[in-house]
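Shown next, in structure tokens, is the structure this report addresses.
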2 protein chains.
Amino acid sequence: MKVLIVYAHHEPKSFNGAMKDLAVSTLKEQKHEVKVSDLYAMKFKALADKDDFVKISNPDYLQYVLELKNAVDHDLFIEDTKQEQEKLRWADFIIFQYPLWWFSVPAVLKGWFDRVLATGFAWDFGNMYDKGLLASKKSMLSVTTGGPENIYSLNAPHGWDINQVLYPVNHGVLFFCGIQPIPPFVAFAVFQVGDEKRKQYLEEYKQRLLTIETTKPIKYHSLSDFDENMHLKT
Amino acid sequence: MKVLIVYAHHEPKSFNGAMKDLAVSTLKEQKHEVKVSDLYAMKFKALADKDDFVKISNPDYLQYVLELKNAVDHDLFIEDTKQEQEKLRWADFIIFQYPLWWFSVPAVLKGWFDRVLATGFAWDFGNMYDKGLLASKKSMLSVTTGGPENIYSLNAPHGWDINQVLYPVNHGVLFFCGIQPIPPFVAFAVFQVGDEKRKQYLEEYKQRLLTIETTKPIKYHSLSDFDENMHLKT
């Protein structure tokens, strides 16, 4: 497979960095092709604004979503957006490696979603979910948390389990574009667990990486499961 | 009250801009004091990294969360962080005005969460949720969406209702710091609904603004509702 790793951590020596390095070496050993988008090293521009375009269609009234589509249609993206979209086109499988911050992705990765997953490139009106424009691809979230697993539950302080916490990205971002996420790999409480457990996480992650090609995606609904009022057919 | 409006939209003439302006004028008429953090106008730095600190405690291994706490303890934040924290200290009530992008906040607002809500300032180990360090304050999300209300439901394509979509911010970010959110104001499908409906949204929003001081916060659990294993007491 062709695998793109989108990596969002500020410290190369971090556990996130170790997971990214492990993914690169393990996947290459398996004869996959690998590319990495190291968003911090790239100082990837997070703010979505008019400077993302060589030219905009309506300078007097910036509608970002419409300008994204216009830029797709007329090749008006700045260079970094183009390169990220080119990598996405190339990839069969995308791994997102990041620390869970505020129940979401770090801002730089949110900026990557906002800027790169353009209308007309990743999705379009009528081309969402299983009809999304990146529908042949798969993905996996590889995430670290500060908190331990037991506080991620309906009956614990966070109130949600980790799959609910990751649903906005897995379903709302990736599957919205047609990309099919396989179950995430989560290393909980990486600060607190100690070296032994961290080594075990890396072992487990390596095993997971060996099977990503054959792991079944999370089951989500197809648009054809809904009637014309967008209500689930019974 | 002292009200801070944190506003994240790239186009001053947008509906988000109109909602922000309406909030400023309505709240001032009500004799509230109002400050606005216009994150796009400020070109607020979204990327959380070492440049957020005048000096860091460990240049060889950047642990962002620990540096946040160190910066609180030793007054080491750069100027924009300090100003935002000062506004938060000042405010009794915070309104977040933004368009829902990818089931979350625009990257620039995520960066504001990542950088401003520092350990030791907004929360701390043992000081989370109702024990959060900003526990005397209230908030409201004021959000626009692209999609219509009917696709935000368990049995519709998005799979979640709007309160679930906003839970990671309301509960995971704001209430985590002790801030008590009141129910959000949501203007659905602002592109599609036409001028009449948009005027109606503004009317409804104005009425909402007149009552924010007396509106009861969303009911969430206190930490005292959980036992020593962080499990909900029965």
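Just so we're on the same page: letters track the sequence lines, and every chain starts at 1. All values below were derived from every heavy atom in this structure, side-chain atoms included, with hydrogens, water molecules and symmetry-related copies excluded. Bear in mind that the values here come from a model prediction, so they are computed numbers and not experimental data.
- For B/K13, the NZ atom counts as densely surrounded, since its 6.0 Å shell holds more than 12 non-hydrogen atoms of other residues, nucleotides or ligands.
- The choice from A/Y167, A/F44, A/W112 that makes the most heavy-atom pairs within less than 4.5 Å of chain B is A/Y167.
- Looking only at heavy-atom pairs under 4.5 Å with chain A, the residue among B/D114, B/V65, B/N229 that has the most is B/D114.
- In terms of heavy-atom pairs under 4.5 Å with chain A, the best-connected choice from B/H231, B/M230, B/K233 is B/M230.
- Most heavy-atom pairs under 4.5 Å with chain B: of the set A/F175, A/Y129, A/Y220, this distinction falls to A/Y129.
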request  = Mind running ring-ring contact (aromatic ring centres under 6.0 Å, His included) on B/W102 and A/F176 for me, showing each step along the way?
outcome  = CA-CA 9 Å; B/W102 293 115; A/F176 188 84; 5.5 Å; yes

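- Between chain A and the residues B/W101, B/W160, B/F113, the largest count of heavy-atom pairs under 4.5 Å involves B/W160.
- Shown here for A/F191 and B/Q63, the closest heavy-atom pair between the two residues is CE2-NE2, 3.0 Å.
- Per-residue heavy-atom pair counts under 4.5 Å with chain A were compared for B/N150, B/D60, B/L39, and the maximum is reached by B/D60.
- A donor-acceptor contact shorter than 3.5 Å links the side chain of A/H10 to the backbone of B/L62.
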request  = Given side chain to side chain contact (heavy atoms under 4.5 Å, CB included), test A/F103 with B/H171 step by step and report yes or no.
outcome  = CA-CA 10 Å; A/F103 294 79; B/H171 187 273; 5.7 Å; no

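- The CG atom of B/N155 lies 10.5 Å from the CG atom of A/D227; values are rounded to the nearest 0.5 Å.
- Residue with the most contacts toward chain B among A/L117, A/L109, A/V173: A/V173 (heavy-atom pairs, distance under 4.5 Å).
- Atom-to-atom distance recorded for B/Y40:OH and A/K50:NZ is 11.5 Å, nearest 0.5 angstrom.
- The choice from B/L223, B/V105, B/I151, B/L154 that makes the most heavy-atom pairs within less than 4.5 Å of chain A is B/V105.
- Looking only at heavy-atom pairs under 4.5 Å with chain B, the residue among A/G111, A/A8, A/P99, A/P106 that has the most is A/P106.
- Nearest heavy-atom pair, B/A107 versus A/A46, reported as atom, atom and distance to 0.1 Å: CB-O, 3.4 Å.
- Counting heavy atoms of neighbouring residues, nucleotides and ligands inside a 6.0 Å radius, atom NZ of A/K82 exceeds 12 of them.
- The existence of a salt bridge linking A/K43 and B/D51 is confirmed by a sub-4.0 Å separation between a basic side-chain nitrogen and an acidic carboxylate oxygen.
- With a 4.5 Å cut-off on side-chain heavy atoms, B/P157 and A/M128 do not count as touching.
- Annotation: side chain of B/P168 is not in contact with side chain of A/V165 (no heavy-atom distance under 4.5 Å).
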